[in-house]
Amino acid sequence: MHEPTPLPPAKDLTPDHIGIIGAGQLGQMLALAGIALGLRFTFLDPSAQAPAGKLGRHIQAEYDDALALEQLAVECGVITLEFENIPVSAVASISHNNAIYPGAHALAVAQDRITEKQYFESQGIAVAPYAAVDSLESLSTAIEAIGYPAILKTRRLGYDGKGQAIIRTPADLPAAWAQMHEQPAILEQMIAFDREVSVIAVRSTQGELAFYPVGENRHVGGILQRTDIHPNDSAQAAAQACARRVLTGLNYVGVLAIEFFERDGELIANEMAPRVHNSGHWTQNGAATSQFENHLRAILGWPLGSTACTGHSIMLNLIGQIPPRESILALPGVHLHDYGKEPRAGRKLGHINIVADTIDTCRAHAAVLEQVINAQ
Ligand code: ATP
Ligand code: MG
């Protein structure tokens with residue numbers, strides 16, 4: 001297969017100054033990794049309370065504010081994103097003078113669930129049967145082809161299962177369509193999966209590729225709850241092969257995650273995230289190099305760090321509330337990551353990484369911590 005040519009290196013004006021569009025917890029964790037490497041950060045985020053704001057300069061403006069983007073472009077050698085729902089036009093507007101990774105093309109593909117599925121298919125990667133829906137009539141036609149149960153999602157702007165409706169019988173159709181608020185949607189067959197897995201992959205400006213061990217993900221109500229890492233996961237080779245095709249095909253730079261359903265030992269791609277990903281948070285304490293550090297190395301054209309596991313890992317998300325810190329930290333091999341966000345039901349506030357020498361210890365510690373989390 002034809003290998004795309006390496007992308008131009010970052011502008012050398014201010015190479016150690018990174019711009020990040022978005023200043024949420026992902027931006028915070030990118031900056032924590034980058035400060036250790038001698039990097040400085042400027043964030044663009046509309047929220048005054050954005051978690052990463054405390055770690056660099058915070059330009060408080062909308063993501064498509066032309067003046068703010070210009071400011072970011074002037075002071076930062078390389079720009080990246082922690083949030084994929086940025087208008088592609090905003091990214092394109094600063095792409096001619098600045099290195100911005102991932103670029104407008106990868107972003108455009110990943111922002112729309114239809115173009116994303118078409119891209120997977122073009123790379124020979126299986127997806128759930130799907131159809132585009134833009135009215136109640138087209139939903140009725142689509143469900144004939146896809147069958148029950150199915151899941152209706154907005155094509156754009158969904159996260160943590162928001163903007164989704166499950167359709168089990170014909171009676172569910174009008175309410176499901178109403179939930180889309182007239183936005184273009186996609187109907188997907190509901191996959192009776194055995195488990196969900198994801199792979200975190202990274203590609204540098206030099207074309208160097210690396211893959212982390214596959215994680216097994218549990219979602220509750222569409223929100224990721226827990227990721228378990230199995231160092232020799234049966235899905236590793238297949239997931240990695242898909243990621244290799246996706247990253248090289250897009251001439252992608254940075255970390256990218258692909259979520260899959262596994263059914264009867266086969267992988268069906270659900271979606272990709274063109275950024276560091278929640279199911280890769282375990283790498284902060286359980287891998288030789290975290291996904292955050294490797295993302296920065298990748299966009300700066302530096303050698304990638306080892307993605308090897310340093311033990312058995314489980315990541316638990318802290319949603320809605322954070323238990324007392326001392327009750328979490330009492331166990332050995334347990335690490336707390338608190339994003340410093342205001343508690344709110346259904347909001348990701350932090351996570352716990354558990355690392356242990358044996359899978360049994362790791363699971364036992366997770367069981368204790370899940371009790372602590374559920375006792376709140
Ligand atoms: P996030 O960005 O947080 O991963 P999202 O809002 O983009 O979430 P999806 O990943 O599409 O949403 O869906 C969230 C979860 O809902 C999936 O991880 C899975 O558990 C379930 N789900 C989504 N689509 C399907 C499907 N076609 N079949 C079965 N389950 C599904
Ligand atoms: Mg998802």
Side-chain angles (χ1 to χ4, degrees), residues 22 24-26 81-86 107 109-121 125-133 139 142-143 145-168 172 176 179-181 183-200 214-228 235 239 242 246 255-264 266-281 291 315 317-320 339 346-349 351:
Q25 63 262 25
L26 301 179
L81 334 158
E82 61 122 45
F83 170 68
E84 68 267 41
N85 292 317
I86 292 151
L107 209 56
V109 168
Q111 276 182 356
D112 180 331
R113 293 187 195 273
I114 298 272
T115 55
E116 183 176 60
K117 284 206 169 35
Q118 287 169 341
Y119 181 69
F120 282 134
E121 289 179 303
I125 298 169
V127 296
Y130 67 96
V133 164
L139 175 58
I143 199 88
I146 307 264
Y148 296 92
I151 180 159
L152 187 66
K153 306 177 180 179
T154 52
R155 283 173 66 161
R156 293 177 170 274
L157 300 174
Y159 71 97
D160 290 348
K162 293 185 172 56
Q164 303 193 1
I166 295 173
I167 301 174
R168 298 187 191 280
D172 296 334
Q179 249 181 277
M180 300 299 110
H181 301 290
Q183 296 170 87
I186 178 173
L187 185 71
E188 293 177 20
Q189 189 179 92
M190 189 89 165
I191 302 294
F193 53 78
D194 302 314
R195 60 180 190 138
E196 291 190 86
V197 297
S198 58
V199 65
I200 311 290
V214 157
E216 181 175 331
N217 302 321
R218 289 186 216 170
H219 294 83
V220 177
I223 305 184
L224 182 68
Q225 216 82 28
R226 168 170 167 157
T227 300
D228 287 52
C242 291
V246 167
V255 164
L256 180 139
I258 308 179
E259 299 177 18
F260 300 93
F261 305 123
E262 188 185 78
R263 187 180 60 189
D264 301 329
E266 272 189 76
L267 294 183
I268 299 165
N270 172 25
E271 60 173 355
M272 61 172 118
R275 54 171 167 78
V276 288
H277 193 253
N278 197 168
S279 69
H281 289 359
Q291 63 165 345
M315 189 276 321
N317 264 343
L318 297 171
I319 298 161
Y339 313 146
R347 196 175 204 202
K348 289 175 181 170
L349 301 178
H351 65 273

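Start at 1 and go down the list; that is how both ligands and their atoms are numbered.
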Query raised in the report: For ligand 1, which atoms, with element, lie under 4.0 Å from some heavy atom of Glu196?
Result: 17 (C), 18 (O), 19 (C), 20 (O)
Report task. Have a look at ligand 1 and work out which part of Ile191, if any, has a heavy atom under 4.0 Å from it: side chain, backbone, both or neither. Result -> both
Query raised in the report: His277 to ligand 1: N or O pair under 3.5 Å?
Result: no
Query raised in the report: Is Asn217 touching ligand 1 with its side chain, its backbone, both, or neither, if touching means heavy atoms under 4.0 Å apart?
Result: neither
Query raised in the report: For ligand 1, which atoms sit closer than 4.0 Å to a heavy atom of Glu259?
Result: 4 (O), 10 (O)
**Report entry** Nearest heavy-atom neighbours spanning Leu152 and Ala185
**Finding:** CD1-CB, 3.8 Å
**Report entry** Short side-chain to backbone donor-acceptor contact, Asn317 and Ile319, under 3.5 Å
**Finding:** no
Query - Closest to atom 16 (O) of ligand 1 (judged by heavy-atom distance), picking from Arg263, Met272, Gln189, Gln164 - result: Gln164
**Report entry** Atoms of ligand 1 close to Arg113 [distance to a heavy atom under 4.0 angstrom, numbered from 1]
**Finding:** 5 (P), 6 (O), 7 (O), 11 (O), 12 (O)
Report task. Could you pull out, from Glu271, Lys153, Glu188, Glu84, the option with a heavy atom nearest to atom 11 (O) of ligand 1? Result -> Lys153
Query - Atom indices of ligand 1, in the order listed, that fall short of 4.0 Å to a heavy atom of Met190 - result: 28 (N)
Query raised in the report: Parallel, tilted or perpendicular: which describes the rings of His351 and His281, with under 30° parallel and over 60° perpendicular?
Result: tilted
Report summary line: Separation between CD (Gln291) and CG (Leu26), nearest 0.5 Å, reads 7.5 Å
Query raised in the report: Would you call Glu262-Arg195 a salt bridge at under 4.0 Å N-O?
Result: yes
Query raised in the report: For the side-chain hydrogen bond (donor to acceptor under 3.5 Å, both in side chains) test, which of Gln183, Glu188, Gln179 pairs with Lys153?
Result: Glu188
Query raised in the report: Does any N or O in the side chain of Asn270 come within less than 3.5 Å of the main-chain N or O of Glu259, such that one atom is a donor and the other an acceptor?
Result: no
